[in-house]
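So that the names make sense, note that chain A is the first sequence line, chain B the second, and so on, each numbered from 1.
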Amino acid sequence: MSAPANPLTTRLEGPAPEAQVTRHMLRRGVFAVPVLVAIAGFVWGSDGALGCLYGTALVFVNFALAAGLISLTARISLALMMGAVLFGYLLRLGIIFLAVILVRDAAWVSLPALGFTIITTHLGLLFWELRHVSATLAYPGLKPQPNPPRKTISDIRMRKRTSKGRES
Amino acid sequence: MEALAKIVAKATEVAVDPAAAKNEAAAASAGYAYGLAAIGPGIGIGYLVGKAVEAMARQPEAAGMVRTTMFLGIAFTEALALIGFVVFILLKFA
């Protein structure tokens with residue numbers, strides 16, 4: 001029987017799937033922001049639109065910080081990663097709390113819009129991402145995208161010849 | 001009669017403004033909402049990460065997949081705390 005693995009000394013090297021997943025989510029989020037801002041602006045006015053932008057930025061920072069902490073500490077030790085996730089949870093909640101405290105009396109932010117955006121963006125991006133996450137050992141992060149057929153030099157020459165033939 | 005007058009005077013003294021009482025109740029409710037909503041996800045994230053670390057230490061070749069699942073699990077569990085936090089914001093500040 002092999003010796004039990006020690007999380008204190010075990011570390012993970014290689015690519016960080018959570019960073020890849022987060023980058024993917026942020027890229028999708030950037031496309032979703034105008035829609036959310038339009039909805040919030042329609043319901044709560046300009047304060048709502050600004051609150052929505054602020055909330056989206058908070059969610060993006062939250063995701064990026066979570067992924068950064070995990071990928072950084074996983075390269076050092078699994079036990080450190082566990083500690084970083086647990087204390088990172090408190091840290092991230094604290095950051096959101098501070099961010100809200102800073103703008104609670106500001107006239108340019110609508111708090112209901114901010115709350116709506118935090119929940120909607122967080123859950124929406126996660127559910128959207130679930131469709132693209134791979135659950136196999138072969139592809140630890142995202143599912144592989146079907147590659148478009150690569151153009152070879154002979155394909156390009158053939159296309160040029162056919163276009164010249166059409167012109168003549 | 002004198003004693004009764006004293007009791008009435010005391011009661012009038014400590015009687016609180018209904019608006020202030022409402023604010024106090026809202027603040028207390030907001031605190032309970034945030035605090036209670038953070039307990040569950042805290043336990044959930046601890047359990048989730050503990051099990052994921054155990055899985056990665058046992059099977060390092062599956063670490064990539066476990067990390068992806070763990071990250072999404074953390075984010076979903078955290079969403080519960082965020083919902084509690086939004087309720088807190090709305091009760092306290094809005």
Is any side-chain heavy atom of Leu48(B) closer than 4.5 Å to one of Val85(A)?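 No, every pair of side-chain atoms sits at 4.5 Å or beyond.
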Kindly indicate whether the side chain of His122(A), heavy atoms from C-beta on, has any atom under 4.5 Å from the side chain of Glu78(B).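 Yes, their side chains come closer than 4.5 Å.
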Could you tell me the separation between the CZ atom of Phe71(B) and the CG atom of Leu69(A), rounded to the nearest 0.5 Å?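 So the gap between those two atoms works out to 10.5 Å.
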Gap separating the CE atom of Met70(B) from the CE atom of Met81(A), nearest 0.5 angstrom: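 That separation rounds to 3.5 Å.
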Could you list which of residues 89-103 of chain A have a heavy atom closer than 4.5 Å to any heavy atom of chain B, in residue-number order?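 So the qualifying residues are Tyr89(A), Arg92(A), Leu93(A), Ile96(A), Phe97(A), Val100(A), Ile101(A).
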Spell out the residues in residues 30-40 of chain A that have some non-hydrogen atom less than 4.5 Å away from a non-hydrogen atom of chain B, in order of number; otherwise answer 'none'.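 Residues qualifying by a heavy atom under 4.5 Å from chain B are absent, so none.
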Please, which pairs that meet salt bridge (charged side-chain N to carboxylate O under 4.0 Å, His left out) have at least one residue in residues 57-71 of chain A, sequence neighbours excluded?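 Salt bridge (charged side-chain N to carboxylate O under 4.0 Å, His left out) check on residues 57-71 of chain A returns no pairs.
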Tell me, side chain or backbone of [X] under 4.5 Å from chain A's heavy atoms, or both, or neither?
X        : value
Leu90(B) : side chain
Ile74(B) : side chain
Phe85(B) : side chain

Let me know if Asn62(A) has heavy atoms under 4.5 Å from chain B in its side chain, its backbone, both or neither.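 The side chain, not the backbone.
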Quick check on Ala67(A) against chain B: is it the side chain, the backbone, both or neither that has a heavy atom closer than 4.5 Å?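 For Ala67(A), heavy atoms of backbone and side chain both lie under 4.5 Å from chain B.
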So which residues of residues 35-44 of chain B are in contact with chain A at a heavy-atom cut-off of under 4.5 Å?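 Against chain A, the residues of residues 35-44 of chain B that fall inside the cut-off (heavy atoms, under 4.5 Å) are Ala38(B), Pro41(B), Gly42(B).
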